[in-house]
Structures are given as C-alpha cells and as structure tokens.
Amino acid sequence: MYTLLSGLWKYMFQKDEYCILILGLDNAGKTTFLEQTKTRFNRNYKGMSLLKITTTVGLNIGTIDVASARLMFWDLGGQEELQSLWDKYYAESHGVIYVIDSTDEERLSESKIAFEKMITSEVLDGVPLLVLANKQDVESCLSVGDIKTAFSDCAPKIGKRDCLVQPCSALTGEGAYNYNNNPCI
C-alpha cells in the first residue's frame, strides 16, 4: 500500500530535474548570474548582495522551479586549477551556460581555450549550450560580434548541438532574460 501511495505522490507532485552547468573563467560573472537568476525566479529568495560576491572556490548550487521542471544550476569555479574538475560534472548535465567576461580582452584567448576544451568533450556531445557575453553594461566591453569573431574557429567543434550567444549584464540583469535569436559562434 505504501509503495502505491508513494508512487502516486511522486507522479502527482515530483518535478523533472535538469542539471545545468555554469562555466567560464574566474571573474566572468557566473555567480552573479546565478544569484540574479535565483532572485528573479524564486519568489521568496533574498539573495546575497551582488557587490559582495567573491571568486568561487569549488561550487555554488542554485535551484529554481519552472512549471513542471526543477532546474539545478551548478556554478563551478573558473580558476585554472579548478577547470580540471569541470569534466567530473559533464555526465550529469542537461545544458551548459558558458559565461565570457566581455571586458577582459587580455584573457579572451584563455577563455577560448577553456571553452574549446569543454565543447570537445564527448560526454557533452549534443548538450545544449548558451554562451553569455557578460558585462555588456560596461562601455568599453567587447561586442557579441567581437566575441564571435574571436571564437569563430570553435564553430565546427560545436557541432549540431543547440547553441545561442546572448549579450547580458549579470549585475543589472539586462539581456540574459530576453530571448532574442542570436545564433552561436
């Protein structure tokens, strides 16, 4: 009897869970994006001050419920020594958000190397990809076009997976939540 009631309960109330990785170099704005997302989609969530966010060492987890789905975001640290751990999370992921700091032209090639290593993983083959060109609120930032040009030789490696490049400002929340078509790199 318990099994029947337990199964009925799960059928009626359990949500499908999807894990989404948030990757990118340190200081790209991954944690700020996660905090903005949790604040916007969780009615009673009182997030931390965005101005007090520091570099993630390890992992931050955020969960939001959308309709009949539960989205679990895993914000992984982006320091070079932590990037070697990213692939341990690939098998569980249903999507990847890759955040690029549009104001840090000096580290753009480093970001591209991390991106390339990530997209060439066979485990992520076919997993949808959202690339966020973050910090678009800063006047001297690189445009989405500039970033696409810098990452253009990655296009063949993306393959046939769903991919979108979106300009945004994680700090202000602008752009990341507007769904206009801006095809991938």
Side-chain angles (χ1 to χ4, degrees), residues 1-24 28-50 52-53 56 58-78 85-102 115 118-119 121-137 144 147-148 158-185:
M1 182 69 161
Y2 170 77
T3 306
L4 178 63
L5 289 175
S6 173
L8 180 62
W9 176 264
K10 286 181 182 177
Y11 176 76
M12 299 285 289
F13 299 105
Q14 189 172 22
K15 295 177 179 271
D16 293 329
E17 287 190 354
Y18 300 96
C19 299
I20 301 164
L21 297 179
I22 304 174
L23 305 175
K30 299 180 303 294
T31 303
T32 304
F33 172 78
L34 177 60
E35 283 300 309
Q36 279 281 22
T37 302
K38 291 189 302 189
T39 301
R40 286 179 183 254
F41 290 96
N42 290 331
R43 204 173 276 155
N44 298 321
Y45 181 74
K46 294 179 176 120
M48 67 173 82
S49 169
L50 299 179
K52 293 186 178 182
I53 292 175
T56 300
L59 159 79
N60 290 316
I61 297 175
T63 304
I64 64 170
D65 292 329
V66 180
S68 64
R70 172 163 287 156
L71 303 177
M72 294 178 47
F73 293 93
W74 296 346
D75 163 24
L76 303 178
L85 300 175
W86 289 359
D87 62 345
K88 309 295 184 255
Y89 296 89
Y90 292 170
E92 302 295 320
S93 70
H94 297 94
V96 174
I97 299 171
Y98 190 84
V99 182
I100 298 171
D101 182 347
S102 299
F115 178 80
M118 179 265 305
I119 63 167
S121 170
E122 289 181 13
V123 180
L124 288 177
D125 200 27
V127 173
L129 176 64
L130 172 63
V131 178
L132 293 179
N134 191 25
K135 303 184 184 180
Q136 291 292 308
D137 56 318
V144 170
I147 290 171
K148 283 183 167 188
I158 291 170
K160 295 185 180 197
R161 77 181 87 205
D162 288 335
C163 185
L164 177 73
V165 177
Q166 182 73 34
C168 77
S169 167
L171 193 58
T172 66
E174 294 293 315
Y177 308 101
N178 302 332
Y179 304 103
N180 53 357
N181 285 332
N182 200 350
C184 206
I185 301 162

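Heavy atoms only, all atoms of each residue included: Trp74 and Cys19 are closest at CZ2-SG, 3.6 Å. Minimum interatomic distance between Ala170 and Gly29 (heavy atoms only, all atoms of both residues): CB-O, 3.9 Å. Residue Gly24 comes nearest to Tyr98 through the heavy atom pair CA-CE1, 3.7 Å, listed as atom of the first residue, atom of the second, then distance. Counting all heavy atoms, side chain and backbone alike, Leu21 lies closest to Ser93 at CG-CB, 3.7 Å. Ile158 and Cys163 get closest at one heavy-atom pair: CG2-CB, 4.0 Å. When all heavy atoms of Ala133 and Val144 are compared, the pair lying nearest together is CB-CG2, 4.0 Å.
Taken to the nearest 0.5 Å, the CD atom of Glu17 stands 5.5 Å off from the CE atom of Met72. Residue Thr32 holds its OG1 atom at 8.0 Å from NZ of Lys135, rounded to the nearest 0.5 Å. Atom CG of Asp75 and atom CG of Leu59 lie 7.5 Å apart (nearest 0.5 Å). Here Gln136 contributes atom CD and Ile147 contributes atom CD1; the two are 6.0 Å apart, rounded to the nearest 0.5 Å. Note: Leu130 CG to Ile97 CD1 = 5.5 Å, rounded to the nearest 0.5 Å. Once rounded to the nearest 0.5 Å, the distance linking OG1 of Thr37 with CG of Leu71 reads 10.0 Å.
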Quick one: do Val165 and Lys148 satisfy side chain to side chain contact (heavy atoms under 4.5 Å, CB included)? Show the steps, please.
CA-CA 8 Å; Val165 177; Lys148 283 183 167 188; 4.1 Å; yes

Applying side chain to side chain contact (heavy atoms under 4.5 Å, CB included) to Tyr90 and Val127, what does each step give before you reach the verdict?
CA-CA 9 Å; Tyr90 292 170; Val127 173; over 6 Å; no

Does the side chain to side chain contact (heavy atoms under 4.5 Å, CB included) test come out yes or no for Val96 and Phe115, once each step is laid out?
CA-CA 11 Å; Val96 174; Phe115 178 80; over 6 Å; no

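The backbone N or O of Ala67 lies less than 3.5 Å from a partner atom in the side chain of Lys15, making a donor-acceptor pair. Proximity of a side-chain donor or acceptor of Trp86 to a complementary backbone N or O of Gly77 within less than 3.5 Å is detected. With His94 contributing its side chain and Ile20 its backbone, the two residues share no donor-acceptor pair below 3.5 Å. Using modelled atom types, one side-chain atom of Asn42 and one backbone atom of Thr63 make a donor-acceptor pair closer than 3.5 Å. Distance alone, capped at 3.5 Å, is enough to place a donor-acceptor pair between the Ser102 side chain and the Asn134 backbone. Listed for the Lys30 side chain is no donor-acceptor partner under 3.5 Å among the backbone atoms of Val99. When atom types are taken as modelled, the side chain of Ser121 and the backbone of Met118 share no donor-acceptor pair closer than 3.5 angstrom.
At a threshold of 4.5 Å between non-hydrogen side-chain atoms, the residues Val123 and Asp87 do not count as touching. At a threshold of 4.5 Å between non-hydrogen side-chain atoms, the residues Val66 and Tyr18 do not count as touching.
In the model, Asn60 has a side-chain atom that pairs as donor or acceptor with a side-chain atom of Thr31 under 3.5 Å.
Scanning for salt bridge (charged side-chain N to carboxylate O under 4.0 Å, His left out) contacts around Arg161 gives an empty result, with sequence neighbours left out.
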